[in-house]
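First up is the structure itself, then whatever we jot down about it.
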Protein chains: 2
Amino acid sequence: MSEETQTSLCDQWLANLAASGYRVTAPRRAIVELMASSTHALEPLAIYDQGRKDYPGLGLVTVYRTLEKLEELGLVQRVHHHQGCHMYLRAAHGHEHLVLCTRCGHAEYFSGDDIGGLINKVTQSTGFEIREHWLQLFGLCPACKNQ
Amino acid sequence: MSEETQTSLCDQWLANLAASGYRVTAPRRAIVELMASSTHALEPLAIYDQGRKDYPGLGLVTVYRTLEKLEELGLVQRVHHHQGCHMYLRAAHGHEHLVLCTRCGHAEYFSGDDIGGLINKVTQSTGFEIREHWLQLFGLCPACKNQ
DNA sequence: CTACAATTGAAAAACGTTTTCAATATGAGC
DNA sequence: GCTCATATTGAAAACGTTTTTCAATTGTAG
């Protein structure tokens, strides 16, 4: 499953870029291929390093510029972390939140948060009109847990 | 109530600094006074600007260094935001989470999050061993809601 | 194929944070 | 109170990351 979905997700993103009037270039292909298949939130420098294995001429500036476009198109999202707040990961599908492994950085989305009750409570106790929430879980992924 | 508690919180922090072997200096007093009474998460530059009204000789470096110590003593904590991830606010008492006003930046803590059930669900569905969670609500504070 | 405009990478600039260092101010001990 | 060792200070410099500038290159519509 993974190989097939990864490839098609990559093509999907490139098609999305093209449909939005952006050009599909070699550097962008390298970055998209990486980001569409990564299970870790990556910072620009890491994307640059990894991307250069695929396309050696890649410039760091292009990484920044491409991330900006991918984020604008909702394909990638920024992840805040204790260790860094400029990490990027493929965006959530609909309403999902992140679980992050504090050891290896593996990131996974989950859905079905039930904080509606909490939001009501906070609305009443603080008088705030809650419009958005931010939830992230941290821990050890299955692989790291067993070692 | 507010004036009294603010003053005593400020003195508490200064006593805490002294008890930990740190010296109580004029620049630190200015920063502590500010941070102990602020209802907004502030970034270093803002603390610098505001602090200089109180103590004009204040240096930005001292702001960074003092924040570092206040954080180490658990008096202040870093707040991550969409707009910035190096903002500081008085630390939570025990297990509390933040509600932030997206309009004016007013920050308030609340307690009583009931995400134990969610954590169990995610533990089962992902196999992660959850050890920590991060929850923040965003919206409009009472004042901004009515205007 | 051509031509125009988007995109590129290198270099320079801008930005926030950290380090270095000599001068200063604090607080413990007398 | 005074003295003194030393923690702390602010200015300047260094640092790493992000953004801007610019001429050369590359994609794509026609």
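Below, chains carry the letters A, B, ... as their sequence lines are ordered, and counting in each starts from 1.
Residue contacts shown for B:Leu58 are limited to sugar-phosphate atoms, with no base heavy atom under 4.0 Å away. As judged by a 4.0 angstrom heavy-atom cut-off over every strand, B:Tyr48 is placed among residues making no nucleic acid contact. Among the heavy atoms of the strands lying under 4.0 Å from A:Arg65 is at least one base atom, whether or not backbone atoms are also near.
Positionally, the nearest nucleotide of DNA chain C for B:Leu45 lies more toward the 5' end than for the other of B:Val24 and B:Leu45.
Looking at the side chain of B:Leu60, the nearest of the listed nucleotides C:dT26, C:dT19, C:dT17 is C:dT17. Listed nucleotides: C:dA10, C:dT17, D:dT9. Nearest to the side chain of B:Pro27: D:dT9. The side chain of A:Val61 lies closest to C:dA10 when the candidates are D:dT28, C:dA10, C:dT19. The A:Arg23 side chain lies nearest to C:dT7 when the options are C:dG27, D:dT9, C:dT7.
B:Tyr22 has its OH atom 16 Å from the P atom of C:dA28, to the nearest Å. Straight-line distance from the NZ atom of A:Lys69 to the P atom of D:dT19: 12 Å, rounded to whole Å. C:dA6 atom P lies 19 Å from atom CZ of A:Arg29, rounded to whole Å. Separating the OH atom of B:Tyr64 from the P atom of C:dT20 is a distance of 17 Å, rounded to the nearest angstrom. Regarding B:Arg28, its CZ atom lies at a distance of 11 Å from the C1' atom of C:dA25, rounded to whole Å.
For the pair B:His86 and C:dT17, the criterion of a side-chain N or O lying under 4.0 Å from OP1 or OP2 is met. OP1 and OP2 of D:dA7 both lie 4.0 Å or more from every side-chain N or O belonging to B:Thr25.
Remark: the backbone N or O of B:Cys141 is not paired with any side-chain donor or acceptor of B:Glu108 at under 3.5 angstrom. At distances below 3.5 Å, at least one donor-acceptor pair connects side-chain atoms of B:Arg52 with backbone N or O atoms of B:Leu58.
Ion pair A:Lys69/A:Glu71 not flagged as a salt bridge, since none of the NZ, NE, NH1 or NH2 atoms sits closer than 4.0 Å to an Asp/Glu carboxylate oxygen.
Cation-pi geometry between A:Lys121 and B:Phe110 is not met at under 6.0 angstrom from the ring centre and within 45 degrees of the axis.
Expressed to the nearest 0.5 Å, how far CD of B:Glu33 lies from CG of B:Leu14 amounts to 8.0 Å.
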